Peer 1: 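Here's a structure for you.
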Protein chains: 2
Amino acid sequence: MIFSKTTEYAIRILTYMATDYEKLYSAKSIVDKLNIPNKYMRRIMTNLSKSNFIMSIQGRDGGYKFIKSPDNIYLAEIIDSVDGIDKYMGCVLGFNECSPKSTCAMHKSWTETKEKLYNTLSKTSLSNLIKNTIDKF
Amino acid sequence: MIFSKTTEYAIRILTYMATDYEKLYSAKSIVDKLNIPNKYMRRIMTNLSKSNFIMSIQGRDGGYKFIKSPDNIYLAEIIDSVDGIDKYMGCVLGFNECSPKSTCAMHKSWTETKEKLYNTLSKTSLSNLIKNTIDKF
DNA sequence: ATAAAATACTACAACAAAGTAGCATATAAA
DNA sequence: TTTATATGCTACTTTGTTGTAGTATTTTAT
């Protein structure tokens, strides 16, 4: 799979949360619903809650909730916040070889595809994603 | 980076070999030219030589050479032979969830991009790649 | 035959990603 | 103020990828 597990889980979690976007979700309730390793997921949540799209509420009856509408949260941002978007947008053939001066063997082929991908990721919001999702949560 | 080191190295090696495509290349001569870990590269060569685009010649004065024109060798084949193309063409959000019946959250967004990528990979030949490469070998 | 120079194979080492465990901290309800 | 139920943090384990080492095998030149 192209994306890491971390990115995969982050997107699945936020997409699920976006189905009832004003609700406060406990980590437990999410883990029970989605099939994601408990502790690994907790760490992702902690990281996500340092972003500007969800926040955490500690203590009893705590959890996570959106602080920004899922209409305005795009996949590119989510990926960037958990993995760093450069992980996927870098040159295909290693070490930042690609620049206007020196281009690697796949430069031209990859550039178009990468732009298409980035374009999709930065225009697809969580709300958008829900519409296209037949997945049962 | 999207692709694995194994795929990266395979493409770089074959692109280099394609610049003089009837020549017999020893592993040593390739390693000296490109900057690829020696033994790791040997293993990749052995795997590649089990494909239908290059063959190995053992013994003294041996090496590797194309058994098919680089005009007709496409990136998708190379990737498939070293990593398996499914590694990159699978569903973004895990476990073959995507099917006509059940689609994952990123299904629609990803499908277009994936097709674009696959299209590029299966239409870009080694010869094609050389034309677009400013890289010094 | 023997030596030289090449590939083939197998086992191990180092590193990064994914997943687990346990304890610390925070907060609301009783 | 105590208890229950949350999140936060840190260290460890497992697994997969990348890289290394050494030996066996193959073949040509002498």
Side-chain angles (χ1 to χ4, degrees), chain A residues 1-13 17 23-51 54-67 79 81-84 86-88 90 92-95, chain B residues 1-13 17 23-51 54-67 79 81-84 86-88 90 92-95:
Chain A
M1 180 176 25
I2 297 261
F3 296 111
S4 69
K5 285 288 175 191
T6 303
T7 278
E8 177 195 338
Y9 294 154
I11 293 173
R12 277 175 51 197
I13 291 163
M17 288 177 65
K23 187 172 153 189
L24 182 80
Y25 291 87
S26 69
K28 187 171 186 305
S29 76
I30 298 172
V31 159
D32 288 347
K33 202 74 181 176
L34 308 178
N35 216 24
I36 299 179
N38 190 348
K39 288 301 188 103
Y40 195 44
M41 179 271 193
R42 304 299 179 115
R43 215 170 4 182
I44 294 170
M45 292 313 290
T46 304
N47 287 333
L48 283 175
S49 67
K50 288 168 184 159
S51 72
I54 68 170
M55 64 171 290
S56 73
I57 294 170
Q58 288 196 346
R60 183 170 169 168
D61 300 339
Y64 302 91
K65 67 173 186 181
F66 286 107
I67 50 179
I79 295 171
S81 84
V82 291
D83 267 341
D86 289 348
K87 179 165 177 180
Y88 306 108
V92 236
L93 300 184
F95 340 118
Chain B
M1 184 177 22
I2 296 262
F3 295 112
S4 69
K5 283 290 174 191
T6 303
T7 278
E8 176 193 338
Y9 294 154
I11 292 173
R12 277 176 50 195
I13 290 162
M17 288 176 66
K23 186 171 155 190
L24 183 78
Y25 291 87
S26 69
K28 187 171 185 308
S29 75
I30 297 172
V31 159
D32 287 347
K33 203 73 182 176
L34 308 178
N35 216 24
I36 298 179
N38 190 348
K39 289 301 189 99
Y40 195 45
M41 180 270 193
R42 306 298 179 114
R43 215 171 4 182
I44 294 170
M45 292 314 289
T46 305
N47 287 334
L48 283 174
S49 68
K50 287 168 184 159
S51 72
I54 69 170
M55 63 172 292
S56 73
I57 295 171
Q58 287 194 346
R60 184 171 164 164
D61 300 337
Y64 303 91
K65 67 173 185 181
F66 284 108
I67 51 179
I79 295 171
S81 84
V82 293
D83 267 342
D86 288 349
K87 180 165 175 179
Y88 305 108
V92 237
L93 301 184
F95 339 120

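All chains are named by letter (A, B, ...) in the order of the sequence lines, taking the proteins before the strands, and each is independently numbered beginning at 1. If you're wondering where the values come from, they're calculated on a predicted model, not measured in any experiment.
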Peer 1: Once side chain to side chain donor-acceptor pair (under 3.5 Å) is applied, do any residues pair with B:Ser81, and if so which ones, sequence neighbours excluded?
Peer 2: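 Expected list: none.
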Peer 1: Measure NZ/B:Lys5 against P/D:dT18 and give the value in whole Å, please.
Peer 2: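 Going from NZ in B:Lys5 over to P in D:dT18 covers 8 Å.
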Peer 1: Is the phosphate of D:dT18, meaning OP1 or OP2, less than 4.0 Å from a side-chain N or O of B:Thr6?
Peer 2: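 B:Thr6 to D:dT18 OP1/OP2: side-chain N or O found under 4.0 Å.
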Peer 1: Going by number, which of residues 38-49 of chain A have a non-hydrogen atom under 4.0 Å from DNA chain C?
Peer 2: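 When residues 38-49 of chain A is checked for heavy atoms under 4.0 Å from DNA chain C, the hits, listed by number, are A:Lys39, A:Tyr40, A:Arg43.
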Peer 1: Between A:Pro37 and A:Arg60, which has a closest nucleotide on DNA chain C that is more 5'?
Peer 2: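 The answer here is A:Pro37.
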Peer 1: Can you check the A:Met55 CE to D:dT7 C1' distance for me, whole Å?
Peer 2: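 Whole-Å distance recorded here is 12 Å.
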Peer 1: Please name all residues satisfying salt bridge (charged side-chain N to carboxylate O under 4.0 Å, His left out) with A:Lys28, sequence neighbours left out, ordered by chain then number.
Peer 2: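 A:Lys28: salt bridge (charged side-chain N to carboxylate O under 4.0 Å, His left out) contacts with A:Asp32.
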Peer 1: Starting the side chain at C-beta, find the nucleotide from D:dT17, D:dT20, C:dA29 nearest to B:Lys87.
Peer 2: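 Within the option list, the nearest is D:dT17.
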Peer 1: To the nearest Å, give me how far apart CG (B:Asp83) and C1' (D:dT18) are.
Peer 2: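 Taking CG of B:Asp83 and C1' of D:dT18, I get 12 Å after rounding.
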Peer 1: Phosphate oxygens OP1/OP2 of D:dT18: is one of them under 4.0 Å from a side-chain N or O of B:Tyr9?
Peer 2: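 Checking B:Tyr9 against D:dT18: no side-chain N or O falls below 4.0 Å of OP1 or OP2.
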Peer 1: Should A:Ser26 be listed as having a side-chain N or O under 4.0 Å from OP1 or OP2 of D:dT5?
Peer 2: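 False: A:Ser26 side-chain N/O out of range (4.0 Å or more) of D:dT5 OP1/OP2.
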Peer 1: Using a cut-off of strictly less than 4.0 Å, decide whether B:Lys50 has a side-chain nitrogen or oxygen near OP1 or OP2 of C:dT7.
Peer 2: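 Checking B:Lys50 against C:dT7: no side-chain N or O falls below 4.0 Å of OP1 or OP2.
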Peer 1: Would you mind reading off the distance between B:Leu24 atom CG and C:dA6 atom P, rounded to a whole angstrom?
Peer 2: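 Rounded to whole Å, this separation is 10 Å.
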Peer 1: A side-chain contact here means heavy atoms from C-beta on lying under 4.5 Å apart; do B:Ile13 and B:Tyr64 qualify?
Peer 2: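 No - every pair of side-chain heavy atoms lies 4.5 Å or more apart.
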Peer 1: Within a strict 4.5 Å, meaning less than it, do heavy atoms of the A:Ile54 and A:Met45 side chains meet?
Peer 2: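 Contact flag for A:Ile54/A:Met45 side chains = yes.
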Peer 1: In whole Å, what is the span from the CD atom of A:Gln58 to the P atom of C:dT27?
Peer 2: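 Going from CD in A:Gln58 over to P in C:dT27 covers 6 Å.
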Peer 1: Given side chains that start at C-beta, do those of A:Lys65 and A:Tyr25 come closer than 4.5 Å, heavy atoms only?
Peer 2: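 In short, these two side chains do not touch, never coming nearer than 4.5 Å.
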Peer 1: Figure out the CG/C1' separation between B:Asp61 and D:dT30, and round it to whole Å.
Peer 2: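 The answer, rounded to whole Å, is 13 Å.
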Peer 1: Rounding to an integer number of Å, can you tell me how far A:Lys65 NZ sits from D:dA6 C1'?
Peer 2: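 Taking NZ of A:Lys65 and C1' of D:dA6, I get 15 Å after rounding.
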Peer 1: Looking only at the side chain of B:Tyr64 (C-beta and beyond, no hydrogens), which of the listed nucleotides C:dA8, D:dG19, D:dT28 gets closest?
Peer 2: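 Closest nucleotide to the B:Tyr64 side chain: C:dA8.
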Peer 1: Which of these, B:Asn35, B:Ile44, B:Ile30, sits in a side chain to side chain contact (heavy atoms under 4.5 Å, CB included) with B:Tyr9?
Peer 2: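 Only one option passes, and that is B:Ile44.
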Peer 1: Do A:Tyr88 and A:Ser4 touch side chain to side chain, with heavy atoms closer than 4.5 Å?
Peer 2: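 Yes. Closest side-chain heavy atoms under 4.5 Å.
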